[in-house]
Structures are given as structure tokens and as C-alpha cells.
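Residue numbering restarts at 1 for every chain, and letters A, B, ... go by the order of the sequence lines.
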Amino acid sequence: MEMDNLYLANLREEKQNMWGGLVNYFRKRSMWMLYYCTGCGAIELPPTMTSRYDMERLGMGPMATPRQADLLLITGYLSVKTLKRVIWSYEQMQEPKYVVGFGSCPINGGIYWDAYPVINHLEAFIPVDMSIAGCMPRPQAIIDAFEKLMGEIQEGKAIGYKRYEKHYDWYKKNQDAVLGRTEAVLKPWNDPFASNPSVDELMALEKGESNV
Amino acid sequence: MNAYALLGIKLIGVSFGSMAVGLLFMGLGRKVTARIQRRMGPPFYQSFIDVIKCFTKTSITHNFVMDLGIIMALGGLIATAFFIPFANFSILGSSSVVIVLYLMSIGYLGMAMGVSASGNPNATIGISRALALMMGYEIPFVMVIMAMLITYNSSDLLTYAVAQSNGIGSWHIWKYPLGFIAVEIAFQAMVGEAPYDHMIAPAEIASGPMVELSGKYLGIGFLLHAVQLYVETGLIVNLFLGGASSWYVMLVKMFAVYFTTLSINAVMARYRIEQGIRHLWIWAGSFGLLQLIYTRIWG
Ligand code: SF4
């Protein structure tokens, strides 16, 4: 329900902007990806990019850093530690940005559903615009998903980044709930940073007034 | 309309024209590379789409120096484009090759200033590689230019172009063959194509100078490369390939130069940076030096 409202609001906004449709055309025809090769899924990307399926036809290409990319590919399962890096990368990307989850692992955990270091539902942590089912999806399925995503961009439906902004509290709560599990287990007994000191404590430490 | 307004319109026309030509070349270049790799490749207007998309994104700046440096780079390169004769036509009336060489480095220095200000270590490594490589290719290039200065006693690109206008036989490519080889090798390094693509090296230093550029900054980065292609291919066409009497001949010749570069790029791997500079000095440098000595004694 909430999501529908956001979509309608976005449509209304685009209607008012006479260039909206045109801008969407350029956005869909030039998607640069940052692939986060976490799981087994990355192996299906080389055939998608090279001569056989040639994704550059659609104007897509790999980019080196999150700053330059429009599209974040999560290719497979995500461990809790990787999740932290994925969130950092996602937040560094510039809007508009889209996320595609590859395979069943980001959807529901796949065969890792009961593994303790792996998260099960990616869309609880960052907004996913498109999920590709399969273990692992073949290049045809990947190209098909990208074409669907292009359609959604043209229609103004791919607004995951706006959802993230609006419901940031909810995402943040979920992120904190699992990222709390990654705190270091072994702490040196006199390391002042081990117990997350407060700002006051840090300032005192800097002035040399504290001997923690 | 007074003369200044007319000049202003011409200057704006050349600025946008050089960007458009460069972007067209980049798009055709991607198509050519794709065909070499037996792919379909993107449509030839893909670079235009990319740049427009970049300008519709949000972007991050790190400080004022970054904004200034990037604009300075674009300004420097566009200023260079004013001095490149296009089809025997030079808007400023003069087109000294010395000025071209001088202004071209302003572009690079602006880029260096802008991206170093972003504070990312990868950008700094990329820039230091670019400046090291610049030392490698500018020296052979200047030696060949000096050979031409000795012959003509003039540094005007238009003079060179007019001197070559009596058919293919009068092109400088026959008069300065060693110099042409030296400049071709140097050109490969100037546009940063393999084996001299140390500066970008996406898998190694995360695209070097471009690492922190997002949205509109990246768009300007693409425009920079486009103008750079226009300037450098234009320079080589005027120096060696006889200039041109009409705009389409000029475009075809410019693309031919870029096409050679792309074909070499498609089949070469990257040198290490010290190998690259050594290669440039030994090969491009000795060809340039031989040309200079030959022209000085017998030319
Ligand atoms: S969906 Fe299958 S192929 Fe993909 S990461 Fe999970 S287990 Fe591996």
C-alpha cells in the first residue's frame, strides 16, 4: 500500500516534469553496473558480457567504483560481513540507483537458508528493484531481467532508492539488528576503542586527560 | 552583427562541435572494438546517451578545488580545439603548434589538480602515472615538431597543411616517415589506449583519475576525453595526413587515425608503467631523434 503511494507520487512528479519520459529513456539505455561478486552467481556474468550474449548492446557496461555506477548487482548469497560492505557501496552510489538480486539466495536464502553467517532476505536491508530466480540464473534470464528493469525505469516504477530514503528507519533497524552480530569477539583488554567510547571520552583521550 | 558576436558564435560552435565529433568517435570506437571481439556492440550514438544520462544524475563534490580543476581541464582542452585547423579553416586565424602543445598540458594539469583534490589514493596514483607517461610521449613528439620547424621556419599548422595539399604524394607521412612512426606511438599513449592505458587501468586502480567522479563530473570527464580525441586526431591529420579541404574528408581522416589506435588497443595487453616509459623513450624517442637529425642534415 505504502509502496503504491510512492509509485503514484513518483508518476505525478514525472508528469509535471515535461522531460521525465525523455530522461527515463537515457537512464534505461545507459545502465552502468557495479557487480558485487559475493556468491557463485558471478560466474554467469562473463558469458552475459562477452560475445555470446553481449550485454553492451543494451548500453550496459561494467564500472570500477560505486560513484560511477547506476546498477548494483548482488550475485548470490551475502554473508553478514559482506552485507556491511554492500550497504556502504549502495549508499555511495548516486541517484537514481537500482539493485538487482541474482539467484534464490538474495530472495529467500536459497540453499543457505539455515546458515548462521548468511542473510536470507536482501530486500530487508536495501531496496531490491528486480530479483532473478534460479540457482544460478542463466544468461538468458539475466538479459531478460535487465530488459524488464529497463521497462520499469521507463515507466517510472524502479524507485527503490526513493523507498530507501523514505523508509530509512525501517531499513536501518534491520541492518543494525544483523550487523550487531559482526562485532569483534576478542577484544584486547586495554584498547580504548574496543568498547565504542562516546564522543566525550574520545575528546578527553585526545587532550590526554584520560588514561583508559 | 558585429565582429565580436560573430566570433563568439563561432567559438561556441567549435566547442560543441569538437565535443560532438569526439563523442561520435568514441561511440564508433566502441562499435569497432565490439566487432573485433565478434560482438554486436552498442549503437554508434551510445556515448551521447551516456553523457546525457550522467548529467541527469546527482553528483558529489569534495571541495572547491575539485570543481575548479575539472572546469579548468575542460576549458584548457576546448581552448586547444580553437587552434586546430579544421578542413583548412582556423577560427582564430593563427594555429601555432607551440600554442597547441602548451594549452594541451593545461588540460591535463587541471585534471590532475581536480581529481587529486578528491583525496582518493587511487586518483593520485592514476594522475602520477599520467604525468609520468606524459614525460614519455611529449619528448618524442616535440622532437618531430622541431624537425618540421627546421624545414618550414614556421610553427603554423595551416602552413603545414597547405604545403601538403598537392595530393597524396605531398603528405608529410612520406617526407617524415620516421617522425610519423614516432608520433603514432606517442599518440597511442596520449589517448591512453593499450599498451599505455596505465592511467585508467580499471581492474588495477579502479579507473584512476575517474575514481571519485560521479554524475555530472563523470559526464564532464567523458566530454574531456571527447575533446581530447578531437584535438589529438586533428593535430595528427594536419601534421602528417595533408589536412583536408572539406569537412567530411577531415572527419574520415581523423577517424582513420583513431581507428589505427583502436586496432592496436584491441590486441595489446598493458605494459607496466616503467616498461611503458622505457618503450616510449627507446622506440618513439629514437625514431623522433633520427628524424630530427636527418632533417637537420639533409632535410
Ligand atoms: S542462488 Fe545458488 S548459485 Fe546463487 S549464490 Fe545461492 S547457491 Fe549459489
Side-chain angles (χ1 to χ4, degrees), chain A residues 14 17-37 46-72 89-98 139 143 146 150 153-154 156 161-162 164-165, chain B residues 23 26-27 29-62 66 115 118 120-123 126 197 199-222:
Chain A
E14 276 184 1
N17 179 357
M18 65 189 263
W19 299 108
L22 197 62
V23 165
N24 283 345
Y25 171 78
F26 290 113
R27 285 179 178 167
K28 81 167 181 191
R29 287 301 310 202
S30 156
M31 285 194 285
W32 291 338
M33 3 168 248
L34 177 73
Y35 35 82
Y36 209 94
C37 298
T48 320
M49 268 189 269
T50 49
S51 321
R52 183 72 189 265
Y53 294 101
D54 187 21
M55 138 202 304
E56 207 185 3
R57 277 177 302 143
L58 309 175
M60 307 182 63
M63 273 289 154
T65 69
R67 295 251 189 251
Q68 305 163 351
D70 310 299
L71 187 60
L72 180 61
S89 309
Y90 180 70
E91 289 181 353
Q92 278 187 30
M93 286 165 67
Q94 295 300 301
E95 291 171 4
K97 48 190 173 184
Y98 316 102
I143 295 271
F146 286 151
M150 286 181 176
I153 293 175
Q154 181 69 60
Y161 62 99
K162 291 193 177 166
Y164 191 68
E165 218 167 75
Chain B
L23 286 178
M26 280 159 74
R30 280 170 74 175
K31 194 91 189 160
V32 168
T33 312
R35 297 309 299 180
I36 292 175
Q37 297 168 351
R38 293 208 176 171
R39 291 185 287 123
M40 284 303 292
F44 71 90
Y45 48 84
Q46 183 65 43
S47 302
F48 291 93
I49 300 184
D50 288 347
V51 168
I52 295 175
K53 182 215 65 181
C54 280
F55 279 98
T56 69
K57 291 192 71 162
T58 54
S59 27
I60 282 186
T61 174
H62 290 265
M66 183 170 164
V115 303
S118 74
N120 190 312
N122 280 330
D197 53 349
M199 180 172 104
I200 302 294
E204 201 180 322
I205 50 169
S207 73
M210 321 238 282
V211 62
E212 280 292 323
L213 301 187
S214 55
K216 300 174 181 68
Y217 294 87
L218 192 57
I220 296 185
F222 269 79

Can you check whether [Y]'s main-chain N or O pairs, donor with acceptor, with [X]'s side chain at less than 3.5 Å?
X: Q94(A); Y: C54(B); result: no
X: R27(A); Y: T56(B); result: yes
X: S30(A); Y: I49(B); result: no

Any chance you could measure [X], atom [atom1], to [Y], atom [atom2], to the nearest 0.5 Å?
X: E212(B); Y: Q92(A); atom1: CD; atom2: CD; answer: 7.0 Å
X: W32(A); Y: L218(B); atom1: CH2; atom2: CG; answer: 5.0 Å
X: M93(A); Y: S214(B); atom1: CE; atom2: OG; answer: 11.5 Å
X: Q37(B); Y: D54(A); atom1: CD; atom2: CG; answer: 9.0 Å

Considering residues, nucleotides and ligands other than F55(B), do more than 12 of their heavy atoms fall under 6.0 Å from its CZ? yes

Write out all pairs satisfying salt bridge (Lys or Arg N to Asp or Glu O under 4.0 Å) with one or both partners inside residues 55-64 of chain A, taking only residues at least two apart or from two chains. E56(A)-R30(B), E56(A)-R39(B)

Not counting sequence neighbours, which residues clear side chain to side chain donor-acceptor pair (under 3.5 Å) with K28(A)? List them please. Q154(A)

Chain A heavy atoms under 4.5 Å from Q46(B): which part of the residue, side chain, backbone, both or neither? side chain

Where does L213(B) contact chain A at under 4.5 Å (heavy atoms): side chain, backbone, both or neither? backbone

Could you tell me which portion of S51(A) (side chain, backbone, both or neither) has an atom closer than 4.5 angstrom to a non-hydrogen atom of chain B? both

